[in-house]
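The sequence lines fix the lettering, A, B, ..., with proteins before strands; numbering per chain opens at 1. Quick caveat, the model's predicted, so the values are computed rather than measured. For the numbers below, each heavy atom of this structure counts, side chains included, while hydrogens, waters and symmetry mates do not.
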Amino acid sequence: DGGITQSPKYLFRKEGQNVTLSCEQNLNHDAMYWYRQDPGQGLRLIYYSQIVNDFQKGDIAEGYSVSREKKESFPLTVTSAQKNPTAFYLCASSGRGVGANVLTFGAGSRLTVL
Amino acid sequence: GQSLEQPSEVTAVEGAIVQINCTYQTSGFYGLSWYQQHDGGAPTFLSYNALDGLEETGRFSSFLSRSDSYGYLLLQELQMKDSASYFCAVDLTSGSARQLTFGSGTQLTVLP
C-alpha cells in the first residue's frame, strides 16, 4: 500500500540536543511538507519541498533544517536553536494532476523535550 | 497575513446534522480545504472547494462563498466515529507545492 511513513512515533530528547525525524513516501509525489501541531492548535508549516534538492521555508522555519536528497525522503532536524520543540510533527506529500490539491499525511512523530 | 476562525467545540447527537463554520481573512487563495483528524492521528482529506457553492461527498458537504469570506462543512447522519477535530485550510499555492494555512480546528463530539 502506498503511503507516508514517519519514524520514530515517539521521541524524547534532552535540551541542547539535535534530533532528526524521518519521513519516507512511496506515493511518487513530488512535493513534501513538514507541519508542526501544538495541543488545541492547527497545523503550522515548517518547510516544504517541490522537488529533489530544493526546499523552502514555511511560516515557522527557525530552529529547523531539512534536506531533500531523494524524492522519497524528506527528513526534518529539530536543532537546539528551536526554543520550544515539544510538539506533534506531521509530514505530508502531494502529487500532480487529479488530486493535486490533496495532502496525504503520515501518522506523525511526537517529540518531547525533557 | 492569513487568519481563519472556527468554533473550538461543537457537540451533537447521533443521526443529527451539524455545520462547522470557517471564516477567513486573506488577500487571495485558490480554494478552501477541510481535513479530519482523530485524536493523535493523521489528518485526512475530506473536501476541497475551488469555486463558490456546495460540494457533496457522501454524508459530508462543503460550501464556499468568497464574497462573504466564509465556508462551512456540513456533516449529515452523524455517527459516533465522526467524533474528531475538523480543520479548514486556505490554499495559497504557489508553484507545484500546496501551501495551506490551517485554522485552529473544531472538536466535534457526537453523543449517543
[X], [Y]: one ILVMFWY side-chain cluster at the under-4.5 Å cut-off?
{"X": "A:V52", "Y": "A:I4", "value": "no"}
{"X": "A:M32", "Y": "A:V66", "value": "yes"}
{"X": "A:L21", "Y": "A:F74", "value": "yes"}
{"X": "A:F88", "Y": "A:L76", "value": "no"}
{"X": "A:Y48", "Y": "A:I60", "value": "no"}

Looking only at heavy atoms, which two atoms of B:F87 and A:Q41 are closest? And how far apart?
CE2-O, 3.7 Å
Between OG1 on residue B:T101 and CG on residue A:L45, distance to nearest 0.5 Å
8.0 Å
Between the OH atom in A:Y33 and the CG atom in B:L100, the distance rounded to the nearest 0.5 Å is 7.0 Å
Honestly, the part of A:Q37 sitting under 4.5 Å from a heavy atom of chain B is side chain
Sort by residue number and list every residue of [range] having at least one heavy atom under 4.5 Å from chain A.
{"range": "residues 71-82 of chain B", "answer": "none"}
{"range": "residues 102-112 of chain B", "answer": "B:F102, B:G103, B:S104"}
{"range": "residues 38-64 of chain B", "answer": "B:G40, B:G41, B:A42, B:P43, B:F45, B:Y48"}

Verdict with reasoning, B:Q99 to A:D59, per side-chain contact (heavy atoms from CB on, under 4.5 Å)
CA-CA 10 Å; B:Q99 295 185 46; A:D59 299 320; over 6 Å; no
Residues of residues 103-114 of chain A contacting chain B, heavy-atom criterion under 4.5 Å, by residue number
A:L103, A:F105, A:G106, A:A107, A:R110
